[in-house]
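Convention: sequence-line order gives letters A, B, ...; per-chain numbering from 1.
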There are 2 protein chains.
Amino acid sequence: MKIAKPVSEKKLTLIDVAVAAGVSAITVSRVINQPDKVSETLRVQVQKAIDTLGYIPNQYASSLASSKSKVIGVSIPTLSNTVFTDVLRGIYDVLNNTGYKVLLVDTHYSPLEEEKMIRTLLSQAPEAMIITGGDQTRTCQNLLQKSRVPVVQIMELLLEPLDMNIGFCHWQAGYDVATHLLEEGYSRIGFIGARMDPRVQQRMQGFKKALEEVDKFQKNFIATTPEPSSIAVGGELFKSLLASTNGVVDAIFCANDDLALGALFESQRMNIKVPDDLALCGFNDIEASRFVNPSLTSVQVGRYEMGIKAAEMVIKRLNGDTEGPKVVDTGYQIKKRESTRN
Amino acid sequence: MKIAKPVSEKKLTLIDVAVAAGVSAITVSRVINQPDKVSETLRVQVQKAIDTLGYIPNQYASSLASSKSKVIGVSIPTLSNTVFTDVLRGIYDVLNNTGYKVLLVDTHYSPLEEEKMIRTLLSQAPEAMIITGGDQTRTCQNLLQKSRVPVVQIMELLLEPLDMNIGFCHWQAGYDVATHLLEEGYSRIGFIGARMDPRVQQRMQGFKKALEEVDKFQKNFIATTPEPSSIAVGGELFKSLLASTNGVVDAIFCANDDLALGALFESQRMNIKVPDDLALCGFNDIEASRFVNPSLTSVQVGRYEMGIKAAEMVIKRLNGDTEGPKVVDTGYQIKKRESTRN
DNA sequence: TTGTATGCGTTATCAG
DNA sequence: CTGATAACGCATACAA
């Protein structure tokens with residue numbers, strides 16, 4: 001049995017392989033996709049031709065014909081925040097072993113941009129989507145529902161998920177942080193937040209509620225900015241809050257650890273002792289929080305695990321399994337450290 | 001002019017839009033891809049139909065017909081390191097506005113895994129590839145060359161780039177850091193490094209060379225580990241180095257800022273004064289380095305800009321422009337801060 | 001087990 | 001500027 005040499009110029013197709021192996025195109029297709037449905041003899045013969053020629057299937061023709069893209073769309077607000085890249089890592093680690101490809105978009109926290117990007121994603125006919133949060137535009141949600149792709153909304157628990165949902169309750173987490181600070185004996189408690197995306201808003205509302213319940217909420221104890229969150233901004237907001245409260249604030253809930261680090265570093269420069277003069281609590285529990293001095297109380301959330309689970313939910317659904325729960329609460333845990341020890 | 005209502009059941013095609021707008025399919029295609037080639041009247045009319053119906057083009061059909069995938073493959077060692085996600089951000093920010101999609105893979109720093117992933121990427125017929133560094137397996141490099149896709153190798157300057165190359169010289173950066181420390185009067189200078197990927201190795205070699213030139217290199221002043229880099233590991237390596245040098249080390253070049261922060265936090269706990277008792281220099285200049293106390297000397301490299309430029313090089317090449325330089329040195333800058341002020 | 005006919009949704013080519 | 005027709009490469013459905 002002779003097999004033709006590779007013709008390096010033109011693109012190889014199923015037919016080239018079929019001719020080389022002396023079979024029909026569909027048989028080659030089967031050798032690739034359903035090897036069990038082809039006899040041993042032909043399978044070996046065809047595989048040899050494939051290897052010899054160096055044939056690589058055309059995914060686009062395949063997707064078009066089968067309407068299966070093997071693509072999963074993922075949308076996150078930003079690549080600059082370890083919170084999201086940790087989740088991403090979980091998603092990639094699961095999906096890369098399943099033959100699915102990830103198509104990632106970065107919405108820059110803008111629902112409008114998100115709509116545009118999700119439109120692009122949908123044109124790739126993804127078999128499923130993993131998207132962040134629930135503040136998509138109405139149009140965008142319609143697009144998603146009309147497309148009928150399985151959707152997992154991650155990072156936060158939603159009142160009305162589009163489909164599947166995995167995350168935790170930011171409101172409750174904010175409430176619990178405030179409670180922790182109250183329990184530690186602090187009473188003039190402030191809040192600083194940046195970007196103010198829906199999840200930060202919820203943390204703030206939970207925080208506010210807890211203070212209101214004990215009649216300790218004061219409007220001027222809140223400092224926020226629409227700017228992106230950063231250590232620098234944390235320092236700025238910290239100074240604003242000191243000013244607006246005439247320095248009487250005795251504890252601050254920072255909407256995330258970057259802000260908290262900024263506040264901590266600034267307080268060190270101002271010679272304000274943490275936690276003696278002032279308590280600080282962050283959110284997300286990034287690695288630095290555990291090691292900085294004083295160590296920073298923060299709220300741990302299983303980001304990598306959330307990514308893993310979201311991807312697993314997707315895979316399960318794609319395998320036709322509709323049994324599992326559609327909503328998963330991944331919870332959180334307040335890590336009490338030196339910065340709030342009274 | 002009436003336009004039909006969306007029929008939510010079947011998938012919309014060009015033809016549906018064409019019928020709704022009362023034109024031919026190819027005209028709709030042109031409105032989408034070459035709007036200038038369609039008269040104002042028809043363009044508006046067709047666009048209206050597209051919007052009303054919520055039509056989304058099928059990229060697979062498009063790619064099959066035009067043999068253009070509009071895909072660019074990107075390979076990075078890990079998603080856990082801001083160094084790479086910053087570059088990624090630059091890449092996405094450029095590419096998202098050009099109609100190209102990014103197919104990203106995370107190689108976990110393993111050339112073997114990289115080879116496997118790049119093989120997968122190639123079956124998507126990417127129009128170009130952006131990959132990290134130069135330590136691909138021989139097989140992998142052959143695959144890339146045979147595929148004839150434009151390739152940009154990023155993060156470091158290579159002796160023999162496969163095609164295009166953008167980055168800076170890590171060896172020289174390491175050399176310069178050592179020189180800076182020597183100039184500040186330090187003379188018992190150590191090095192700590194983790195993961196020990198090719199770029200870290202180069203920084204270490206440059207560092208070593210500078211010390212050797214003034215006869216100040218000592219083998220036991222080096223502490224490394226193959227473990228992933230982290231703040232925690234920085235603290236550990238710091239303690240090892242103190243032990244192996246009997247505490248006489250007076251300056252440490254940390255292969256990155258995470259390690260440096262770990263060393264700094266640990267030194268604070270051990271009551272070792274930086275920079276009075278010990279100088280610390282990091283690498284990458286992450287945000288924390290600028291704000292921590294004492295602020296941390298580090299080496300700034302334009303990561304986001306590198307991503308931007310890499311993507312721009314790719315786009316240029318894809319547009320048939322072969323003029324520009326194939327190798328770009330993005331340089332670096334030592335940010336001298338409190339932690340090395342003698 | 002293997003093969004034939006046909007369609008997937010778009011774009012290239014060439015006419016009008 | 002607009003349209004008819006034929007690819008693009010593969011997989012589905014059915015036949016043999």
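Nucleotide C/dT13 holds its C1' atom 10 Å from the CD1 atom of B/I26, rounded to whole Å. The CD1-C1' distance, from B/I50 to C/dT10, rounds to 13 Å in whole Å. Rounded to an integer number of Å, the gap from A/Q34 CD to C/dT1 P is 12 Å. To the nearest angstrom, C1' of C/dT10 lies 7 Å from OH of B/Y55. Rounded to a whole Å, the NZ atom of A/K37 is 10 Å from the P atom of D/dT12. Taking atom NZ of residue B/K68 and atom P of nucleotide D/dG9, one finds them 15 Å apart after rounding to whole Å. Remark: C1' of C/dT11 and CG of B/L64 are 10 Å apart, rounded to the nearest angstrom. When the P atom of D/dG9 is taken as reference, atom CZ of A/R30 falls 21 Å away, rounded to whole Å.
At a threshold of 4.0 angstrom between heavy atoms, the contacts of A/S67 with the nucleic acid are absent. If you check every strand for non-hydrogen atoms under 4.0 Å, B/D36 touches sugar and phosphate atoms only. Within 4.0 Å of A/L14, counting heavy atoms only, lie sugar-phosphate atoms of the nucleic acid but no base atom.
For the pair B/D86 and B/R89, the salt-bridge criterion is met [side-chain N within less than 4.0 Å of a carboxylate O].
Dashed line: the shortest gap from a side-chain N or O of B/S29 to OP1 or OP2 of C/dT11 is under 4.0 Å.
Residue A/K70 qualifies as enclosed at atom NZ: its count of foreign heavy atoms under 6.0 Å is above 12.
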